[in-house]
Amino acid sequence: MGILSLAAFKVAAFAMGRGPLALPDCPWLQELPRFGAVLSFPIIPRAVFKVSKGATADALSSSAPTTPSTFLYTYCCKAGGATVAAALAVWPVLPQLLNHWFYALCLSLSLGAIWDFWCLVAVLWFGVEAAPSFDKPWLSTSFADYWSRRWNLTTTYMLRVLIYEPIMEGSSQIFSSDAAAIRAAKRQRMLRRLAALQATFAFSGLWHLLIFYYATGLVTYHWFLFFSLQAPIMAAEAILVKWAKQRQLLLRRPAAIFLTNFLLIVVARPLFFGPCDWSGMCTAMFDNVKGSFV
């Protein structure tokens, strides 16, 4: 369902004159096979890909795959890693929080392997150089880093194009030199950014409700609430980081990575992993991973 949803997002963006299918002078728009690959595969061409704050794919880690051989290598590594993580996620001697962390790791590695496979097909058979979809989310140093620059970047790109950017494009520009007018314009832009962020995560939550229903046949509010909560968490995090920077109290990178992973699992435990556990979705996923990659 995820792959079909991404294709639907691209069609919706195309209808709005946005996204990878609506950009002029792109080589994949000149040939029907390439156009079909960009439309139907869960990929974003590297030439148009953007991450947070307009950064290109070059802003990702230096080990991000770019060639057929590197995509094949990362596919094999992620498939093997997902298999190991799936086994550790159900190891009864581990604390439940650690089981859930391995479940998150299994999810990121298995999805990353599938996405890398389609990137490999796109570049080998259609000559479309695709941007990587995952950039080591387990190394995230904040919630913003996790959601904006590391986790499922293909979907993140499409949600930014469809939801976030259209809302932000209406933000006011600051032309006045009056201090009160500048403060008012900054406040308005901040509120619009918060609204855009909340709308993006709420849409993602609704989309994940459909994924959960498709996978389990059950309807629950938990996943919608989980994703909707990410916007206020990121807003609070930004305020806290700004306060800490002013006082030179920022964490070192290893501590920030540990704290981010820990807090992500704590938030996800009742709202994301809980429904996965009681619905049997976790067990089904682990079985699929072992069946696909072993």
d(T220 OG1, Y213 OH) to nearest 0.5 Å is 13.5 Å
Output for pair (F224 CZ, L206 CG), nearest 0.5 Å, gives 5.0 Å
When you look at I44 and K10, which way does the side-chain contact (heavy atoms from CB on, under 4.5 Å) test go after all the steps?
CA-CA 10 Å; I44 301 298; K10 292 174 185 177; 4.1 Å; yes
Is it true that, when you exclude W278 itself, more than 12 heavy atoms of the residues, nucleotides or ligands shown sit nearer than 6.0 Å to its CH2? yes
Note to self: Parallel, tilted or perpendicular, judged at 30° and 60°: which one describes the rings of F227 and F272?
What the structure shows: perpendicular
Looking only at heavy atoms, the pair that brings A82 and C106 closest together is O-SG, 3.6 Å
Heavy-atom nearest pair, P137 first then S108, reads CG-CB, 3.8 Å
Can you confirm whether V267 sits close enough to F226 that some side-chain heavy atom of one is under 4.5 Å from a side-chain heavy atom of the other? yes
Nearest heavy-atom approach of T260 to S142 is OG1-N, 3.1 Å
Margin query: Tell me whether F258 shares a hydrophobic cluster with L250, the cluster being built from Ile, Leu, Val, Met, Phe, Trp, Tyr side chains joined at under 4.5 Å.
Written below: no
Taking every heavy atom of W115 against every heavy atom of P42, the minimum-distance pair comes out as CD1-O, 3.6 Å
F102 and L88 have their tightest heavy-atom pair at CE2-CD1, 3.4 Å
The reported gap from CG in L111 to CG in D116 (rounded to nearest 0.5 angstrom) is 11.0 Å
### Query
With hydrophobic residues grouped by side-chain heavy-atom distances under 4.5 Å, do I233 and F203 end up in a single group?
yes
The test is side-chain contact (heavy atoms from CB on, under 4.5 Å); show your working for F212 and S279 and say whether it passes. CA-CA 10 Å; F212 188 84; S279 68; 3.7 Å; yes
*Okay, side chain of S204, backbone of T200: is any donor-acceptor separation there less than 3.5 Å?*
no
Next on the checklist: When you compare the side chain of F41 with that of V121, does any pair of heavy atoms fall below 4.5 Å?
Outcome noted: yes
Point to revise | Transitive ILVMFWY side-chain link F201 to I211, under 4.5 Å | key: yes
Evaluate Q230 against L197 for side-chain contact (heavy atoms from CB on, under 4.5 Å), listing each step before the verdict. CA-CA 9 Å; Q230 303 309 308; L197 192 63; over 6 Å; no
- Flag side-chain contact, heavy atom, 4.5 Å: R46 against P132: yes
Output for pair (N99 CG, W91 CH2), nearest 0.5 Å, gives 10.0 Å
(Q) Using modelled atom types and a 3.5 Å cut-off, is there a donor and acceptor pairing between side-chain atoms of E129 and backbone atoms of V123? (A) no
- Query: What do you reckon, is CZ of R252 surrounded by more than 12 foreign heavy atoms closer than 6.0 Å?
  - Reply: no
One should read off an interatomic distance between T141 OG1 and Y146 OH, to the nearest 0.5 angstrom, of 13.0 Å
Checklist entry - Would you say L218 and M281 make side-chain contact, with heavy atoms under 4.5 Å? => result no
Heavy-atom closest pair (S40 atom, A7 atom, distance to 0.1 Å) is CA-CB, 4.5 Å
Requested in this report: Check whether V241 and F143 end up in the same hydrophobic cluster, where Ile, Leu, Val, Met, Phe, Trp and Tyr are linked by side-chain heavy atoms less than 4.5 Å apart.
Outcome: no
Requested in this report: State yes or no: do L240 and M190 share one hydrophobic cluster built from I, L, V, M, F, W and Y residues joined by side-chain heavy-atom distances below 4.5 Å, directly or via other members?
Outcome: no
- Query: Less than 4.5 Å apart, any side-chain heavy atom of W207 and any of T155?
  - Reply: yes
Just do the side-chain contact (heavy atoms from CB on, under 4.5 Å) check on F134 and N152 with the steps written out, would you? CA-CA 5 Å; F134 289 82; N152 200 351; 3.8 Å; yes
Separation between CZ (R189) and CZ (R192), nearest 0.5 Å, reads 11.0 Å
Checklist entry - Side chains of V48 and Y157: does their closest heavy-atom pair fall under 4.5 Å? => result yes
N261 side chain to W138 main-chain N or O, any donor-acceptor pair under 3.5 Å?
yes
>> Angle between ring planes, W147 versus W151, binned at 30° and 60°: parallel, tilted or perpendicular?
In response: perpendicular
May I ask you to say whether R150 pairs ionically with D145, meaning some side-chain N is under 4.0 Å from a carboxylate O? yes
**Asked** With a 4.5 Å limit on heavy-atom distance, are the side chains of F126 and V38 in contact?
**Response** no
Heavy atoms, side chains only, cut-off 4.5 Å: are R149 and D135 in contact? no
